[in-house]
Amino acid sequence: MADKKDYAKPGEYKPIDLLAVAAAREVRDGDVVFAGTGLPMLAIMLAQLTTAPTSVCIYEAGSIDGRPIDLPSSVGDARCVYQASLATGLTEAFFGQLHRGYVDLAFLGGAEIDKYGNVNTTVVGNYLTPSKRFTGSGGNPDINSLARRTVFVMVQEKRRFRENVDYITSPGWRLLKWPSGEWISKKDLYGKFFRGGPEAVITNMGVFRFDEEGVMYLDTVHPGFTPEQVRDNCSFDLNISRVRGETKPPTYEELELLYTKVDPAGIFLP
Amino acid sequence: MGRPKKITLKEAAALIQDGDMISFSGFTIWRRPMALVYEMIRQNKKNLHLFEVNGGTHTEVLAGAGAIRIWESCWVGHELYGKLGEAIARGQIEGSIIVEDYSHGHVVARLLAGSYGLPYMPCALSMGTDILNPEFDMLRKAGLRDGSNPKIPAMKYAIVEDPFFGMGELLLMPAANPDWALVYASQVGDEGTVRVFAQTYTDAEVIRAADKVIVIAEEIVPESYIRQEPEKNLVPGYAIDYIVELPWAAHPTGSQGYYDVDADFIRNLYAASKSQDGFNRWAEEWIFGVEGHEEYLEKIGVTRLEQLRANRVLGYSTRMKRGSR
């Protein structure tokens, strides 16, 4: 019988399980975490059950430090407020918590990302004549502006990892100074409001981080992939010289918690 | 001010004029006044200016019906039950809807300014993004920032230097003061004091920011009851102009303490909304094909509604299958 702390072998877990576990490992104990719907919920709840028991979760619709006994299916869900310290609203979440500086970590998503961590969730093509409209920004850029660390969970595809995204919805490490539109570092633009920025990008193929210049590099590859395969699934020239090795797979304990405690009903984990 | 007037759903919808600027209570697929939205469509409202913190199922129904001319917001979709806002997307791509994109925090800031009676609210949110690209100021491009419409500010935002602490650049977001707040609330006292259960979203801000307020209440309760715990209340009755009492008025969106989101209903609407023809057929069945809210509820049926009904302790349904297991 395998020990619960052993790592599962290929074929014993699904790609989405690894995403949830890799994201959960980004949570440090005590973090105030701002999470969106879906995988971020799995990540924070798993982290609370394992390595970060005193971390707390804020959902942007207004629940502060809830302790749901049933997995919410959206951040506005009635389930989010169960045993919360506060049931409040967006003014508290965005201004009282985020703008004031309580938020340590946030999990975010995106349709496209560039090498500086700028993310597009708005349109495909020229904004004035778009060929496709996504949901729009939501709170993604606000959270990415003022949380100390952000982690993006995304699908790895060449068309999604781009030299330049069609529309910068959410601010990475180098962005645009208005009204001129010249490129500027986030630190210079945000001045004394600067607190940090994108720390990691987790995809179905690997975990990426950002170097001293704010440029994305490959940190670990998921089991079954090579760094070259990951680079081939990026449109920009991905730095694979700093790869530390393979991403640690889920442990049997993490898998058990995900399927029996976090999402037993199969809402996000099919 | 004074006490709010109790009216019918049809009377409430008739108050809203073509071209009015409106905003809603709720959040994505929660606590939206859907019965009122359907009635507005039966009454053929057009050219509406919808300003909202985020869109949801109600936005898509209004956009699908061709009722929206301007949409100022930051997000639209049906959460887990429909990942995009197909009707808003079609309107933006075809040019029938002027879309002014902000971020969540920006829209909250605009509502906060409006709700506090201030002309603008500062924030340091989403700076450096294309949301602030001057070329993408769509209301200016449409010639609508010329002062002729008092509800449209002269600029999308302003960049200023912090004059007090040397914090650097920050944004000023102009106030939003819609003509109407269209609100679904859990309970309203018979003199108008409003209470919502669980998250408050931006409901209080929308109510205070708007010139006139219609509240669709799940229940009207004795004012003496709602005043026993005033700390649980959202706004006083004198902030409300009209009340309609209408159980299940938020369906298919959810209402904490009363009923859950009707996921299958929204999935079907989302699938239909992928084409205009599909949406039209859906609207023919669920909006025009019923006389009003009562017939709509009868069509959904008691069995379905009972599955959605919230557990009285937990505030959400424990009897529906939510996932794959």
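First the proteins, then the strands, lettered A, B, ... as listed; each starts at 1. Keep in mind that this is a model prediction, so the values were computed, not measured.
Each of A/S131, A/G125, A/G89 has some count of heavy-atom pairs under 4.5 Å with chain B, and the biggest count is that of A/G89. Heavy-atom pairs under 4.5 Å with chain A were tallied for B/L111, B/D130, B/L314; the largest tally goes to B/D130. Top candidate by heavy-atom pairs under 4.5 Å with chain A, chosen from B/S126, B/S103, B/G257, is B/S126. Chosen from A/C80, A/P270, A/P264, the residue pairing most often with chain B at heavy-atom distances under 4.5 Å is A/P264. The choice from A/P179, A/G172, A/S73 that makes the most heavy-atom pairs within less than 4.5 Å of chain B is A/S73.
A salt bridge links B/R145 and B/E100; the closest N-O separation between the charged side-chain nitrogens and carboxylate oxygens is under 4.0 Å. The pair A/E213-A/R174 fails the salt-bridge criterion, with no side-chain N (NZ, NE, NH1 or NH2) lying under 4.0 Å from an Asp/Glu carboxylate O. Between A/K14 and A/D17, none of the side-chain N atoms (NZ, or NE/NH1/NH2) sits under 4.0 Å from a carboxylate O, so this pair counts as no salt bridge.
Only the side chain of A/T37 comes within contact range of chain B, with heavy atoms under 4.5 Å apart. For chain B, no part of A/T121 is nearby; none of its heavy atoms comes within less than 4.5 Å. Within the 4.5 angstrom heavy-atom criterion, no atom of B/V261 approaches chain A. Contact annotation for A/L189: both backbone and side-chain heavy atoms come within less than 4.5 Å of a heavy atom of chain B. Of the two parts of A/Y167, the backbone and the side chain both hold a non-hydrogen atom closer than 4.5 Å to a non-hydrogen atom of chain B. Only the side chain of A/F268 comes within less than 4.5 Å of a heavy atom of chain B; its backbone N, CA, C and O stay farther away. Interface residue A/L269: backbone and side-chain heavy atoms are both found under 4.5 Å from chain B. Using a 4.5 Å cut-off between heavy atoms, B/D162 does not touch chain A at all. With a 4.5 angstrom heavy-atom cutoff, A/S137 touches chain B via backbone and side-chain atoms both. Of the two parts of A/D70, the backbone and the side chain both hold a non-hydrogen atom closer than 4.5 Å to a non-hydrogen atom of chain B. Neither the backbone nor the side chain of B/F197 comes within contact range of chain A; no heavy atoms are under 4.5 Å apart. With a 4.5 Å cut-off on non-hydrogen atoms, A/V123 touches chain B through its side chain but not through its backbone. For A/D77, the parts lying under 4.5 angstrom from a heavy atom of chain B are both the backbone and the side chain. Residue A/P72 touches chain B through its backbone alone, counting heavy-atom pairs closer than 4.5 Å. Looking at A/Y59, neither its backbone nor its side chain comes within 4.5 Å of chain B, counting heavy atoms on both sides. Heavy atoms of A/K132 lying under 4.5 Å from chain B belong to its backbone as well as its side chain.
Checking B/D203 against B/T200 by side-chain atom types alone, no donor-acceptor pair falls below 3.5 Å. A donor-acceptor contact closer than 3.5 angstrom is absent between the side chains of B/Y201 and B/S25. The closest side-chain donor-acceptor pair between A/D142 and B/H104, if any, does not fall under 3.5 angstrom. Under the 3.5 Å distance criterion, with hydrogens and angles disregarded, no donor-acceptor pair is assigned to the side chains of B/E205 and B/Y116. Of the N and O atoms on the side chains of B/E218 and B/Q187, not one donor lies less than 3.5 Å from an acceptor on the other residue.
Residues B/W71 and B/V76 have side chains in contact (heavy-atom distance under 4.5 Å, counting atoms from C-beta outward).
Applying side chain to side chain contact (heavy atoms under 4.5 Å, CB included) to B/Q92 and the options B/I97, B/D101, B/I98 leaves one that passes, B/D101. None of B/F24, B/F27, B/Y184 except one satisfies the ring pair (Phe, Tyr, Trp, His ring centres under 6.0 Å) rule with B/H58; the exception is B/F24.
Within 6.0 Å of CZ on A/F95 lie more than 12 heavy atoms contributed by other residues, nucleotides or ligands.
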